[in-house]
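All values reported here derive from a predicted model rather than from experimental measurement. Naming: A, B, ... by sequence-line order, numbering from 1 per chain.
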Protein chains: 2
Amino acid sequence: MNVVIIGMGTAGYAAAMEAAKRGAHLTVIEKRDFDTFSPCGLPYVIDESIPSFEDLKHSIRLRNTEKLLSHTVESIDTKKKTVKACDCVSGDCRTISYDRLIIATGTSPVIPPIKGARELLGKGTFVVSGIDDTGQLKKKADVSHSCVVIGAGAIGLETACTLHNRGLEVTVVEMLPQVFPQAIDEDMASDVKNHLEDSGIPVVVNARVESITQEGGVLITADREYAADFAVIAAGVRANVALAEKAGITMGTWGIKVNPKMKTSAPDVYACGDCIETFSYINGEPWMMQLATSALQMGQIAAINAMGGSAAYQGCLNTFASELEGKEIASCGFTEAQASRFGYDIAVGKGSGRVTADYYPGEETVKVKLIVDKKDHHLLGGQAFGVGAFWRVNVISLALKARMTVDEFSTMELAYTPPLSTSHDALHSACDFALRRL
Amino acid sequence: MNVVIIGMGTAGYAAAMEAAKRGAHLTVIEKRDFDTFSPCGLPYVIDESIPSFEDLKHSIRLRNTEKLLSHTVESIDTKKKTVKACDCVSGDCRTISYDRLIIATGTSPVIPPIKGARELLGKGTFVVSGIDDTGQLKKKADVSHSCVVIGAGAIGLETACTLHNRGLEVTVVEMLPQVFPQAIDEDMASDVKNHLEDSGIPVVVNARVESITQEGGVLITADREYAADFAVIAAGVRANVALAEKAGITMGTWGIKVNPKMKTSAPDVYACGDCIETFSYINGEPWMMQLATSALQMGQIAAINAMGGSAAYQGCLNTFASELEGKEIASCGFTEAQASRFGYDIAVGKGSGRVTADYYPGEETVKVKLIVDKKDHHLLGGQAFGVGAFWRVNVISLALKARMTVDEFSTMELAYTPPLSTSHDALHSACDFALRRL
């Protein structure tokens, strides 16, 4: 079986591994001049928590596999079942036949319509998307004292923290009223913002950047002016769908439309990873999600089905985490805002608590928020902030997976040992709170 | 409603809080001269991680409550519905009537039939059970250089570590072939043993202590002789059931027999906490469990039912954790050995992994073990060792609570961020391994 995979990001990589394991004759087409890398690690190279960009690169050795690096796909002919792949350097093109095609074209960073943003790319404005662009940013940081990060999502804030750790003066400017606008609610976001500011990183919300001009450094104009040596643009990503769209493949609101087997509207064409529109595990509705963990799972599922096996994606829970200046922010499922948008009548439970026993020294605390369906008490989502937020959200994510009610969830039996926990965790307190509101 | 509670340990405390909230006229009888304390914290006072024993004490203020401290209950008359309580100091006794009685008499440390062990208590041998006896141990440690800990359960090993942290030479001697014989299997136990020995704490297993003699310090005779300044006896605990037994209340194998409402065989008499025989959430079979978390839950349930409400205990999962020399050991549900004893045909899955992304600096790893019912793929138990073992077992514990199969569990969606996790956690690897064996 001839399987062609377009793109060797996380999903394409997982698909290639699985397809090769199942005996495919593989052609992998990737526009980079190396196989693949771990994009989630990019911010951590900036302050050399990860010593080198080379550490993020992975090379893949697979049987019966032709790798076309530095190649782009110009077009897909879904009737003839071919793709036209061209060498980025020589410009030479060739037509490759497939029995099955897997599209894993990923995303591109959004450059918002800010005057000067695109023009100054690589000079005064930088993105954290690949190794090349983040490398440029790092070089600029080496000779700079200050910067403004535009956008307060995970990439923006993680980059702000690593730049700050390097000793730069960093200001974050976010257009929306809160940090992590996709992942958490405004109340939790306000805790994160306060923590960042306490750590020396001012965060300005509700501030739309109008223009970036370069005079020595950059001058960023929003409601007020920010002078800095450079700007990081971290305004989110957009699914790379142009190629699929041109081939007549059906689109969803956020990306390529697929069914749970990762099949697109075209015969024998699959798509997976950040370029698709996914759906929620909770209610099956179309949803957006661009996380490495799900990309791995979807890539594998696409390859299993492409190779004649059978696997179905159950939908995503958007289980997400980020560590910022020593504290964790994490979330899963629907935020309060998203749940309301989906029409749920919700109750919210919040709990805060220590992360060691009351009588055990330590000042660290964690806050947990649960979102519950008032009608049938099912959990719809959870968020946590503080030390240990990461694993508490993993626990909530599993409760969502098991479709538990908050009544059931409240009887969870957590381990207790004084250096690591209290006998009544913030998770329990959040349940108690939610139950009183039902 | 007159409610009498015997014992103000964790369960008695929880029962008192709940009963008072529900308007009881309470009499609480406690043999200590203070209300209650947190026994799990005792080892950590020895090396002053917790500065003082006073930090472990809690005083309780409740409405309509008579506290009889320094009192013991001599007898219960379940027909007349009275208890006879005597002042430990004056010897004066009185008869107290109850509408409902809650027995929460806890446990006592087992002193094994070792020659000299009991005779030398407080002089050359010490237990970690209450504030007084642990206080004696701490004073002895102040003037000592070496000790032997007899028993490699949680109390024994946590105490060994805190004594070691104070600079004492510590040897652990365990009669059974492994550490944590109740909580984990031999394979995981061997990792814990190696870790302790790498940290400078020799652990001798399969060694039955025969005698302890005092000549300056103590001389402990097992297969070979151990000279030390003192010995800690940490050979487990036994439910305090004599009082209930004398009153004709039905016993189980491990403690007072109760139904899920915490009712004993006697009318209007409830029992809760470490003095009862509990049952497994997994298969409903009688089981032993002496954990603070469940004691809190059972105390509350006993009081709710005693006060005319309705609550039922669902059974325990024995979710347990201990931190030893910077690593966590944790477990829940059945061990391999226990599952086999209950007649399950089991498959085991083990996975090891890093606790940060592959490309993120850090050497810490964690090992996870899952025990699965071969017949229907349901999870039966889990164990973990290493950094982050604690929360991984909490995740498994929730999967047990949700009665998940390993197939379902394997689709869990964990958060991923390079400083805190890998994209394929040891939990996933353990699932993969188990699934291949089904």
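- Atom CG in L56(A) sits 11.0 Å away from atom CG in D358(B) (nearest 0.5 Å).
- Note: Y360(A) and Y44(B) have perpendicular aromatic rings, judged against thresholds of 30 and 60 degrees for the angle between ring planes.
- Shortest non-hydrogen contact noted between P361(B) and I50(A) is CD-CG1, 3.9 Å.
- Neither the backbone nor the side chain of L42(B) comes within contact range of chain A; no heavy atom of the residue lies under 4.5 Å from a heavy atom of that chain.
- Most heavy-atom pairs under 4.5 Å with chain B, from the set R392(A), H424(A), Q314(A): that is R392(A).
- For chain A, the option among E328(B), Q297(B), M412(B), E408(B) with the highest count of heavy-atom pairs below 4.5 Å is E328(B).
- The line from CD of E323(B) to OG of S421(A) is 10.5 Å long, rounded to the nearest 0.5 Å.
- Here the side chain of E413(A) pairs a donor or acceptor atom with the backbone of L317(B) at under 3.5 angstrom.
- Contact detail for Y359(A) and D55(B): the closest heavy-atom pair is CB-O, 3.3 Å.
- Remark: side-chain polar atoms of K401(B) are not paired, donor with acceptor, to backbone N or O of F409(A) under 3.5 angstrom.
- Considering all non-hydrogen atoms of both residues, V395(A) and V395(B) come closest at CG2-CG2, 3.9 Å.
- Taking OG1 from T319(A) and OH from Y416(B), the interatomic distance works out to 15.0 Å, rounded to the nearest 0.5 Å.
- The most heavy-atom pairs under 4.5 Å with chain A, out of S322(B), C40(B), S423(B), C332(B), come from C40(B).
- N394(B) places a side-chain N or O within donor-acceptor distance of the main-chain N or O of A415(A), the cut-off being under 3.5 Å.
- Taken from CG in D425(B) to OG1 in T293(A), the straight-line distance is 11.5 Å, to the nearest 0.5 Å.
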